[in-house]
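Just below is one structure, and these are the notes that go with it.
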Amino acid sequence: MATDEFKNFAEPKKLACHAGVAPFEHSSGSSIRGRSRVNQHARKRLKFLFHLAAMSAIRVKGELQTYYQRKVAEGKNKMSILNAVRNKLIHRICAVVKRKQKYDIFYPLSFV
């Protein structure tokens with residue numbers, strides 16, 4: 001219902017924005033005010049589901065867990081890393097839907 005079977009979203013960036021995962025910077029003219037933030041006017045349930053998926057992905061041994069651990073070691077904020085993992089999941093889901101193929105861990109999908 002939230003994605004209308006991926007008919008409403010031609011690009012993963014639009015779905016990420018709809019789910020409240022895409023970060024936006026606050027700027028006015030030439031000045032940038034603070035850190036980039038996600039939009040609060042999002043589908044909360046969809047964002048929550050992607051959050052649960054991201055939490056599960058970083059607990060399971062694999063590419064996303066190593067990404068998360070590498071960014072934590074670099075000193076990044078854990079919630080912003082988790083948001084990046086959510087965004088990566090959205091891009092992978094959109095690629096699977098567009099190609100109409102199963103996700104294969106050894107043949108990574110990219111949204112082309």
Side-chain angles (χ1 to χ4, degrees):
M1 191 76 171
T3 62
D4 193 28
E5 298 177 1
F6 292 91
K7 294 175 188 171
N8 292 341
F9 304 102
E11 300 173 6
K13 288 182 181 181
K14 290 183 181 180
L15 179 58
C17 185
H18 182 71
V21 175
F24 292 98
E25 64 182 21
H26 296 282
S27 61
S28 174
S30 62
S31 65
I32 297 174
R33 299 181 198 165
R35 302 183 312 192
S36 58
R37 298 180 181 166
V38 294
N39 191 355
Q40 297 300 318
H41 303 289
R43 292 247 179 174
K44 302 290 183 184
R45 178 75 178 152
L46 189 60
K47 185 174 182 177
F48 173 71
L49 292 173
F50 281 121
H51 178 77
L52 290 179
M55 291 296 289
S56 178
I58 64 172
R59 288 190 179 119
V60 176
K61 192 175 205 177
E63 181 180 311
L64 293 175
Q65 184 187 45
T66 56
Y67 172 79
Y68 181 80
Q69 291 172 347
R70 185 178 77 237
K71 291 296 181 179
V72 167
E74 290 175 7
K76 301 282 184 178
N77 184 350
K78 289 183 181 180
M79 282 306 291
S80 64
I81 302 168
L82 198 58
N83 194 51
V85 171
R86 286 186 219 143
N87 207 352
K88 286 178 177 286
L89 287 172
I90 288 174
H91 278 74
R92 290 177 184 187
I93 290 168
C94 287
V96 166
V97 170
K98 182 179 180 185
R99 290 185 179 185
K100 298 178 183 173
Q101 293 179 350
K102 289 183 179 179
Y103 180 74
D104 188 7
I105 206 165
F106 300 110
Y107 182 68
L109 296 172
S110 61
F111 192 79
V112 179

Heavy-atom closest contact ([X] atom, [Y] atom, distance):
{"X": "Ala54", "Y": "Leu82", "result": "CB-CD1, 3.9 Å"}
{"X": "His91", "Y": "Pro12", "result": "CD2-CG, 3.5 Å"}
{"X": "Leu64", "Y": "Ala57", "result": "CD1-CB, 3.7 Å"}
{"X": "Ile90", "Y": "Val21", "result": "CD1-CG2, 4.0 Å"}
{"X": "Gln65", "Y": "Val60", "result": "CB-O, 3.3 Å"}

Working to the nearest 0.5 angstrom, can you tell me the gap between [X] [atom1] and [Y] [atom2]?
{"X": "Arg92", "Y": "Lys88", "atom1": "CZ", "atom2": "NZ", "result": "6.5 Å"}
{"X": "Thr66", "Y": "Gln69", "atom1": "OG1", "atom2": "CD", "result": "7.0 Å"}
{"X": "Arg86", "Y": "Met79", "atom1": "CZ", "atom2": "CE", "result": "5.0 Å"}
{"X": "Tyr68", "Y": "Met55", "atom1": "OH", "atom2": "CE", "result": "7.0 Å"}

Could you check whether any side-chain heavy atom of Arg70 comes within less than 4.5 Å of a side-chain heavy atom of Glu74, counting everything from C-beta outward?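 Yes, at least one pair of side-chain atoms sits under 4.5 Å.
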
Which residue, Ile93, Asn87, Val97, Leu46, forms the side-chain contact (heavy atoms from CB on, under 4.5 Å) with Leu15? Leu46

Joint hydrophobic cluster, Leu89 plus Val72, side-chain heavy atoms closer than 4.5 Å: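 The answer is yes; both residues are in one hydrophobic cluster.
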
